[in-house]
Amino acid sequence: DELTRGVARYQALIEASNQVVWTWDMATQTGQFFDPWRWWEKMTGQSPQAHGDFGWVDVIHPEERDLVQTLCNNAQKNGTAYQTEYRVRSQAGRYAHIVERVVAIQGPDGVIYELVGTLTDVTAQREAYPSAEGISVYGQDIAEHKQAIEALRVSEERFAKSFRASPYVLVIIAKGW
């Protein structure tokens with residue numbers, strides 16, 4: 001049937017993308033991993049029980065824990081989508097680099113029903129571009145990278161608000177296009 005085929009297609013897409021897909025139900029305050037290999041447990045050693053009730057935060061690097069919790073809380077409260085990179089402690093005691101992307105599913109009434117996110121292990125890419133100071137993003141210090149991303153996000157929000165509020169048609173022309 002069409003529903004079974006759609007679910008199979010979705011699961012194949014998840015596997016092919018080399019990402020973990022998760023959801024968080026706002027009504028029940030429960031989450032679910034769509035992961036046939038129990039990726040998080042395999043990486044961090046956390047069982048599903050230890051992972052629940054925000055136990056997953058325990059394995060995030062202490063320097064990045066507050067930022068990740070703030071982003072997660074904002075997504076739950078306001079439906080704010082985000083993308084961030086942080087380190088998680090692996091079973092071996094080393095830190096793996098994870099990129100997380102999160103979007104909210106909202107109803108027509110604006111109520112946030114669910115968050116959907118992906119986790120991607122980018123450790124190999126980060127290790128390929130080492131920095132003398134330690135953690136790097138293609139040679140750029142992580143703190144600088146996060147500040148730049150936050151400044152860009154704020155700038156984009158301001159532009160979007162101005163654009164939506166303007167009664168005029170705005171045309172942006174980039175030189176050389």
Side-chain angles (χ1 to χ4, degrees), residues 6-106 111-131 133-138 140-150 153:
V7 169
R9 184 181 304 120
Y10 178 71
Q11 289 174 332
L13 173 64
I14 292 170
E15 288 182 40
S17 70
N18 194 30
Q19 295 180 332
V20 173
V21 176
W22 59 265
T23 64
W24 183 259
D25 186 296
M26 299 304 292
T28 64
Q29 293 291 295
T30 58
Q32 180 178 1
F33 273 113
F34 294 94
D35 176 27
W37 296 289
R38 304 184 77 69
W39 182 87
W40 185 266
E41 185 174 3
K42 196 176 193 183
M43 175 176 285
T44 66
Q46 278 190 322
S47 68
Q49 295 76 22
H51 175 270
D53 293 326
F54 289 93
W56 57 271
V57 174
D58 295 341
V59 295
I60 295 176
H61 193 283
E63 292 176 8
E64 296 149 9
R65 199 172 287 157
D66 288 343
L67 172 66
V68 174
Q69 283 185 288
T70 298
L71 291 170
C72 184
N73 289 337
N74 287 341
Q76 288 182 11
K77 291 177 187 170
N78 309 318
T80 307
Y82 69 88
Q83 175 178 321
T84 190
E85 181 176 331
Y86 53 88
R87 295 166 287 173
V88 296
R89 187 179 57 250
S90 70
Q91 286 192 59
R94 295 186 58 206
Y95 280 95
H97 295 259
I98 304 299
V99 169
E100 181 177 40
R101 293 176 182 92
V102 177
V103 296
I105 298 176
Q106 295 178 306
V111 172
I112 303 164
Y113 294 113
E114 188 173 42
L115 298 179
V116 177
T118 61
L119 300 171
T120 307
D121 183 354
V122 295
T123 305
Q125 293 91 321
R126 295 303 171 252
E127 290 175 351
Y129 296 94
S131 167
E133 294 90 38
I135 302 303
S136 68
V137 177
Y138 301 114
Q140 184 181 18
D141 180 74
I142 274 237
E144 291 174 18
H145 178 72
K146 287 180 180 176
Q147 288 174 341
I149 287 176
E150 178 60 15
R153 186 191 64 75

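Positions are given from 1 along the sequence. Values in this document were obtained by computation on a predicted structure and should not be read as measured data.
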Can you give me the closest heavy-atom contact between Gln106 and Ile112, atom names plus distance? NE2-CG1, 3.5 Å
Can you tell me how far the OG1 atom of Thr80 sits from the NZ atom of Lys77, to the nearest 0.5 Å? 10.5 Å
Tell me the closest heavy-atom pair linking Ala75 and Val102, and the distance in Å. CB-CG1, 4.4 Å
Between the side chains of Tyr82 and Glu100, is a donor N or O closer than 3.5 angstrom to an acceptor N or O? yes
Would you sort out whether Ile105 and Val116 count as a side-chain contact (heavy atoms from CB on, under 4.5 Å), showing the intermediate values? CA-CA 7 Å; Ile105 298 176; Val116 177; 3.5 Å; yes
Would you find a donor on one side and an acceptor on the other, under 3.5 Å apart, between the side chain of Arg87 and the backbone of His61? no
Which pair of heavy atoms, one from Asp58 and one from Gln46, lies closest together, and at what distance? CB-NE2, 4.4 Å
When you measure from the side chain of Glu114 to the backbone N and O of Ala104, does any donor-acceptor pair fall under 3.5 Å? no
Could you walk me through whether Arg89 and Thr44 pass the side-chain contact (heavy atoms from CB on, under 4.5 Å) check? CA-CA 6 Å; Arg89 187 179 57 250; Thr44 66; over 6 Å; no
Compare all side-chain heavy atoms of Thr120 with those of Ile98 and state whether any distance is below 4.5 angstrom. no
Selection residues 67-76 - residue pairs positive for salt bridge (Lys or Arg N to Asp or Glu O under 4.0 Å), sequence neighbours left out: none
Using the rule given for side-chain contact (heavy atoms from CB on, under 4.5 Å), can you reason through Gln69 versus Leu71, listing the C-alpha separation, both sets of side-chain angles and the distance that settles it, and then say yes or no? CA-CA 5 Å; Gln69 283 185 288; Leu71 291 170; over 6 Å; no
Non-hydrogen atoms of Tyr95 and Val59 that approach each other most closely: CE2-O, 4.1 Å
Leu115 and Gln76 have their tightest heavy-atom pair at CD1-CG, 3.6 Å
Separation between SG of Cys72 and CD1 of Ile60, rounded to the nearest 0.5 Å: 8.5 Å
Does the Asp121 side chain pair with the main chain of Thr123, one donor and one acceptor, at a distance under 3.5 Å? yes
Intermediate values then yes/no, side-chain contact (heavy atoms from CB on, under 4.5 Å), Val99 and Thr84: CA-CA 6 Å; Val99 169; Thr84 190; over 6 Å; no
Are Glu85 and Arg126 side-chain neighbours, meaning at least one heavy-atom pair lies under 4.5 Å? yes
